[in-house]
Amino acid sequence: MATGRTHRPATRSRGIPEATVARLPLYLRALTALSERSVPTVSSEELAAAAGVNSAKLRKDFSYLGSYGTRGVGYDVEYLVYQISRELGLTQDWPIVMVGIGNLGAALANYGGFASRGFRVAALIDADPSMVGKPVAGIPVQFIDDLERIIEDNGVSIGVIATPAGAAQQVCDRLVAAGVTSILNFAPTVLSVPDGVDVRKVDLSIELQILAFHEQRKAGDEAGAVLPDAAAVRAAAAAASAAAPATAAPTAVDAGADAGTAAAGTGAGTGTGAGTGAGRKGPDGDVPAVMPA
């Protein structure tokens, strides 16, 4: 089996769009499940539903691979598994190094899905001397000072960063300088890399924030179905104002006129009448109780 540095995926040279590349693992996961159930063929509609895409998009994606299926039969499951695996570069061994073996790094190291998909964890690396030598997922942790040697000895081209945000860029720079050209970043920060280096970012907090946005929108839609809209509130307020007693309207005018007459005639002007009428306040101070639209 070939090793990671002897081959680069051919997706770019063959002109496969990045959006299609991002969906290929979804198809492969669905196809692998079908293969494990010994399903020989699958229609585009069934496979699209299993992958969570529409069938027209699936057929377009597969056309980039040169796979069009058979009318009335569908796609050969085993052949598609091989075809997509080859396109993704999963028919060979990809050694990876993982830097940062805290809680998240240890959980990633224990994930069993790497090996089954062609990724071999060649080394676990940490900057904490107390971690060095401790086995995690059966692999002893190595010290960060040996990073460059480990990458060279194992022919590593893919690195995984699971460090705190403050250390991620420095680790990234060292990985790139040592020859790593693809990085999976779990640190909550944006990495700066030179041309020719691919970075994929996984930020769980961002994903949760996006879900929170959708939950808030759904809650707002439910509230909107119960509460009247602004136009209805204004219409109700106008109707209430029109139905108010007629005697209330001239109060301020009469009181203001009386106050003006008293001030002109005596110069004293207690302002009692004006204070009672023109100075009346709404519930928000000087703002009228019902604001105009």
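Numbering starts at 1 and runs along the sequence shown.
No donor-acceptor distance shorter than 3.5 angstrom exists from the side chain of Asp198 to the backbone of Ser182, with no hydrogens or angles considered. In this structure, Lys201 contributes its side chain and Ala187 its backbone to a donor-acceptor pair below 3.5 Å. Using a distance-only test at 3.5 Å, with no hydrogens or angles considered, a donor-acceptor pair links the side chain of Asp203 to the main chain of Ser205. With hydrogens and angles disregarded, a donor-acceptor distance shorter than 3.5 Å links the side chain of Trp94 to the backbone of Gly89. With hydrogens and angles ignored, the 3.5 Å screen pairs no side-chain donor or acceptor of Ser85 with any backbone N or O of Tyr82. A donor-acceptor pair is defined here as one N or O able to donate and one able to accept, closer than 3.5 Å; such a pair exists between the side chain of Asn54 and the backbone of Lys57. A donor-acceptor distance shorter than 3.5 angstrom exists from the side chain of Glu46 to the backbone of Ser43, with no hydrogens or angles considered.
Looking at every heavy atom in both residues, Ile183 comes nearest to Val180 through CG1-CG1, 4.0 Å. Heavy atoms only, all atoms of each residue included: Val81 and Leu28 are closest at O-CD1, 3.8 Å. When all heavy atoms of Leu108 and Ala162 are compared, the pair lying nearest together is CD1-CB, 4.3 Å. Across all non-hydrogen atoms, the minimal contact from Ala123 to Gln142 is CB-NE2, 3.7 Å. Here the closest non-hydrogen pair linking Ala122 and Val156 is CB-CG2, 4.4 Å. In terms of heavy atoms, Glu87 sits closest to Leu24 at CG-CD1, 4.4 Å.
Put simply, the side chain of Leu184 reaches to within 4.5 Å of the side chain of Phe186, judged on heavy atoms. When side chains are defined from C-beta on, Arg120 does not count as touching Ile96, because their heavy atoms never get closer than 4.5 Å. For the pair Val99 and Leu147, the minimum side-chain heavy-atom distance is below 4.5 Å. Side-chain contact between Leu58 and Glu45: absent, with no pair of heavy atoms (C-beta onward) separated by less than 4.5 Å. Between Thr41 and Tyr75 the shortest side-chain heavy-atom distance does not fall below 4.5 Å.
Taking hydrophobic clusters as Ile, Leu, Val, Met, Phe, Trp and Tyr residues chained together by side-chain heavy-atom distances below 4.5 Å, Leu31 does not share a cluster with Tyr79. Val202 and Leu208 are members of different hydrophobic clusters when ILVMFWY side chains are connected at heavy-atom separations under 4.5 Å. Transitive grouping of hydrophobic side chains (ILVMFWY, heavy atoms separated by less than 4.5 Å) brings Val39 and Leu80 into a common cluster. One hydrophobic cluster, built from ILVMFWY side chains closer than 4.5 Å, holds both Leu204 and Met98. Hydrophobic clustering of Ile, Leu, Val, Met, Phe, Trp and Tyr side chains at less than 4.5 Å, counting indirect connections, keeps Val77 apart from Val73.
No salt bridge links Arg23 with Glu18; every basic N to acidic carboxylate O contact stays at or beyond 4.0 Å. The pair Glu215-Lys218 meets the salt-bridge criterion, since a charged nitrogen lies less than 4.0 angstrom from a carboxylate oxygen.
For the atom pair Ile150 CD1 and Glu152 CD, the distance stands at 11.5 Å (nearest 0.5 Å). For the atom pair CG of Leu34 and CD of Glu78, the computed distance is 10.0 Å after rounding to the nearest 0.5 Å. Atoms OH and CD1, from Tyr64 and Ile16 in turn, are 9.0 Å apart once rounded to the nearest 0.5 Å. Between Leu175 atom CG and Gln170 atom CD the span is 11.0 Å, to the nearest 0.5 Å. One distance of note links OG1 of Thr163 with CD1 of Ile101; it measures 10.0 Å at 0.5 Å rounding. Taking CG of Leu47 as the start and CG of Leu26 as the end, the distance is 10.0 Å to the nearest 0.5 Å.
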Just list the side-chain donor-acceptor pairs under 3.5 Å for residues 127-141, sequence neighbours left out, or say none.
{"residue": "Asp128", "atom": "OD1", "partner": "Ser130", "partner atom": "N", "Å": "3.0"}
{"residue": "Asp128", "atom": "OD1", "partner": "Ser130", "partner atom": "OG", "Å": "2.8"}
{"residue": "Asp128", "atom": "OD2", "partner": "Ser130", "partner atom": "OG", "Å": "2.8"}

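Within 6.0 Å of CD in Glu148 there are more than 12 heavy atoms belonging to other residues, nucleotides or ligands. No more than 12 heavy atoms of other residues, nucleotides or ligands lie within 6.0 Å of CZ in Arg29, so this atom counts as exposed by the packing criterion.
A donor-acceptor contact under 3.5 angstrom links the side chains of Arg59 and Ser44, judged on distance only. Side chains of Asp61 and Thr20: a donor on one and an acceptor on the other come within 3.5 Å.
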Applying side-chain contact (heavy atoms from CB on, under 4.5 Å) to Leu90 and Phe119, what does each step give before you reach the verdict? CA-CA 8 Å; Leu90 303 182; Phe119 301 98; 3.7 Å; yes

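Screening Val197, Thr189, Ile161 against Cys172 for a side-chain contact (heavy atoms from CB on, under 4.5 Å) leaves a single residue, Ile161.
Checked against ring pair (Phe, Tyr, Trp, His ring centres under 6.0 Å), Phe143 has no partners two or more places apart in sequence or in another chain.
Legend: ring pair (Phe, Tyr, Trp, His ring centres under 6.0 Å) pairs involving residues 16-38, not counting sequence neighbours, sorted by first then second residue: Tyr27-Phe62.
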